[in-house]
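See below for the structure under consideration.
Keep in mind that what you see is a predicted model, and the values were worked out from it rather than measured.
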Amino acid sequence: MGSEGESDRRRYLADRAAKLESDRRKRKGATHRPWRHLSRDQQEVAKRLTAGQVTLVTVSGWGFVGDFLAFLDEIGFYALLGIEGRGFKRVMVPIARLIMTYQMKVLLGIGSINLVPAKLFRQVALLKLIGYTTAEMASGFCQRGDLAAGPMHKNTLADAVERLRAEELEQMLNETASRLAARGFFAGSKGHFALDASDLETTARYEGRGMKRYTEWKVDRKEKKAVEVERLAYGFKVLIVYEVRLRLVVAAKVVPIGEHESSHTLSLVRQAVKNLGSGVVRVLLMDRGFLDGRDLWVLKCELGIDFVVPSKDKMRVSQDARGLCRQAQDGESLFRGERRGKRKVDRAGKVKWEGQVSVVGVAGLASYDQYGDEEHARGANRKGFIGNAINAVVVTAWQGQGYEADKEKVFLSSLSVESPLEVLDLYDLRSLIENTAFRELKQGWNLKSYPKKTAAAVRAHVFLTLLTFTLAGAFRSSLGQELAKHGIRRQRAEGYGDNVIVFAGEYYAIFHIEELLILLGVVPKVLLHADPHDVRRRYHLPLAA
């Protein structure tokens, strides 16, 4: 009896272990498979349509999404979604499908989580494309919530996003950048990347939010003068490393708003290098908030990355550069550059030169004591201390207006300043991270529309938005779409049209409504978009007499 009981116990443990392993594989390695159950085939669906072999027909207002999903499959993105999801106690909906559902919310420009049932869950064809079955869409995943509003309650989606851990979110973005690099998306990069941060202000009620104090000028109407007042800001901060020309995010981090951005410089840059491989990031463009001598030294001497960053007015290296820029050009340490610009005459008859700029490159400055490793910086006050050489570009005139002495703008760089205008023009590319990244993300991608008022929900929303934004930019580069160039708002407007999506077994196709009628043999007298002869020839149908 004892032997039989022990045998039964071993069988029970073996069966339980096999079941746990099976469940783990389903959650971790096979969650991307639902997207492969359908393939887009216009010819096959047209053939079945004319034969009356159709599974489902519905209206599609998002023609670009089908190609976008096929592109994700091509680069192997779905395999990245097989995350473990330790924050989930029960997994009724596959985690990968929850992530894709939220990404579709982002891609379609649905700002509020409250609008998901009306604007996303009613898109039956889209839900079917990302893996939902007809039974799930009709009955939901459980008996809780309003099943008439979709396959799940909107709060289920919000809760799922909140449970994603920071390391899982960062891993998805990092692995995506690595896969894009492996597929050659950075082959045309000139190596110019920007590092910048943007505040994501919230109310004080957000759980886990940070706080910072800042001052601003306000007009006192009673005193009739400008006064400086102190303000409090609550929220978070997003930091990204961004390829300024390809418009792709390659590393990111979300922190409380009060944290200083310079404390994350090296970790972000090292992650970007790891994601893309050595030699891709060649020049880093940063704003003044990332100015730190030891970080700059590591960038140049350890990572082999050049930099351009504005200097601070009261720093000794800035004062030295301004003092030297008034001297004559010597061709060794001082180099002048000037761009004349365009002559403009205003209504008062005053002549202005738009775009006119004068700069001076100052090479080999040794007065930035902190530019070096930690041991070097500790010896800054010792007798006989000699600083490491760094270069500067001093802007002496802008838009035809000369700066007063000691008021010139100074930029520090590890690049050669023999052609100082080239260095200044290179730094101008940094503005692209503000205009084509942060501004586009906030205005066109609803970056600040969070599903819940918690730090975890904000972080997940930001990362999934950055991820979708980057994939959309890569999709445009791969397939010749103008998605990133025109912005997501224009792409959505162009993508919406009189389209119909037809499912036929394991295939689907997207047709214009006129094209569909022609295939069915019903040709309207007035056609605005389709030509019957072209449609019949394209789908190998008999030509009309």
message = Please evaluate residues E514 and L517 with respect to the criterion side chain to side chain contact (heavy atoms under 4.5 Å, CB included), reporting the C-alpha separation (whole Å), side-chain torsions for both, the decisive distance (0.1 Å), and the verdict.
response = CA-CA 5 Å; E514 292 182 355; L517 289 173; 5.8 Å; no
task = Could you check R163 against E168 for salt bridge (charged side-chain N to carboxylate O under 4.0 Å, His left out), going step by step and ending with a plain yes or no?
result = CA-CA 10 Å; R163 292 191 184 105; E168 292 172 333; over 6 Å; no
task = With salt bridge (charged side-chain N to carboxylate O under 4.0 Å, His left out) as the test, would you mind laying out the steps for R48 and E506 before giving the verdict?
result = CA-CA 11 Å; R48 298 189 184 190; E506 68 274 27; 3.7 Å; yes
task = Output, in order, the C-alpha distance, side-chain angles, deciding distance and verdict of side chain to side chain contact (heavy atoms under 4.5 Å, CB included) for V45 and F511.
result = CA-CA 10 Å; V45 174; F511 301 103; 3.9 Å; yes
key: Test log, rule side chain to side chain contact (heavy atoms under 4.5 Å, CB included), inputs V244 and R430   = CA-CA 7 Å; V244 293; R430 196 199 67 83; over 6 Å; no
request  = Assess whether salt bridge (charged side-chain N to carboxylate O under 4.0 Å, His left out) is satisfied between K448 and E201, documenting all intermediate values.
outcome  = CA-CA 8 Å; K448 298 179 70 176; E201 290 194 32; over 6 Å; no
task = Please report the C-alpha distance between L464 and M172 in whole Å, then the side-chain angles of each, then the deciding distance to 0.1 Å, and finally whether the side chain to side chain contact (heavy atoms under 4.5 Å, CB included) criterion is met.
result = CA-CA 9 Å; L464 291 177; M172 280 193 290; 4.0 Å; yes
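Among the candidates K442, E434, K237, the single residue satisfying the side chain to side chain donor-acceptor pair (under 3.5 Å) test with S198 is K442.
Taken from CG in D425 to OG in S419, the straight-line distance is 10.5 Å, to the nearest 0.5 Å. With values rounded to the nearest 0.5 angstrom, I130 atom CD1 is found 9.5 Å from Q103 atom CD. To the nearest 0.5 Å, atom CD1 of residue I110 and atom CE of residue M104 are 10.0 Å apart. For the atom pair CG of L164 and CG of L98, the computed distance is 8.5 Å after rounding to the nearest 0.5 Å. Residue R97 holds its CZ atom at 12.5 Å from CD1 of I99, rounded to the nearest 0.5 Å. Between the OG1 atom in T202 and the OH atom in Y234 there is a gap of 9.5 Å [rounded to 0.5 Å].
With hydrogens and angles disregarded, no donor-acceptor distance shorter than 3.5 Å links the side chain of S262 to the backbone of L291. With hydrogens and angles disregarded, no donor-acceptor distance shorter than 3.5 Å links the side chain of S311 to the backbone of F411. Counting only distance, with no hydrogens or angles, the side chain of T470 and the backbone of L467 share no donor-acceptor pair below 3.5 Å. When atom types are taken as modelled, the side chain of R282 and the backbone of K190 share a donor-acceptor pair closer than 3.5 angstrom.
Contact check for F290 versus D196: side-chain heavy atoms found under the 4.5 Å cut-off. The shortest distance between side-chain heavy atoms of E515 and R538 falls below 4.5 Å. Residues N275 and V241 have side chains not in contact (no heavy-atom distance under 4.5 Å, counting atoms from C-beta outward). Looking at L447 and F469, their side chains never come closer than 4.5 Å, going by heavy atoms from C-beta outward. K253 is listed as a side-chain neighbour of E170, based on a closest heavy-atom distance under 4.5 Å. Considering only heavy atoms from C-beta on, W445 comes within 4.5 Å of T468 through its side chain. Two residues are said to be in side-chain contact when any heavy atoms from C-beta on lie closer than 4.5 Å; N446 and V106 fail this criterion. The shortest side-chain heavy-atom distance between D531 and R537 does not fall under the 4.5 Å cut-off.
Residues V535 and A530 share a closest heavy-atom pair of CG2-CB, 4.2 Å. Scanning both residues, I240 and A437, for their nearest heavy atoms gives CD1-CB, 4.2 Å. Across all non-hydrogen atoms, the minimal contact from I257 to A233 is CG2-O, 3.8 Å. Across all their heavy atoms, L180 and A474 have their closest contact at CD2-CB, 3.7 Å. Looking at every heavy atom in both residues, F121 comes nearest to L127 through O-CD1, 3.5 Å. Shown here for K212 and D199, the closest heavy-atom pair between the two residues is NZ-OD2, 2.6 Å.
Using a 30° and 60° split on the angle between ring planes, F307 and Y371 fall in the perpendicular class, above 60°. Using cut-offs of 30° and 60° on the angle between ring planes, the pair Y102 and H461 is perpendicular.
In E422, the CD atom is not crowded: 12 or fewer heavy atoms of neighbouring residues, nucleotides or ligands sit closer than 6.0 Å. A 6.0 Å sphere centred on NZ of K47 holds no more than 12 heavy atoms belonging to other residues, nucleotides or ligands. Within 6.0 Å of NZ in K409 there are 12 or fewer heavy atoms belonging to other residues, nucleotides or ligands.
Residues S413 and N391 have side chains that never bring a donor and an acceptor to within less than 3.5 angstrom of each other. Side-chain contact annotation: Y242 with T436, donor-acceptor N/O pair under 3.5 Å present.
Under the salt bridge (Lys or Arg N to Asp or Glu O under 4.0 Å) criterion, D295 pairs with no residue, sequence neighbours left out.
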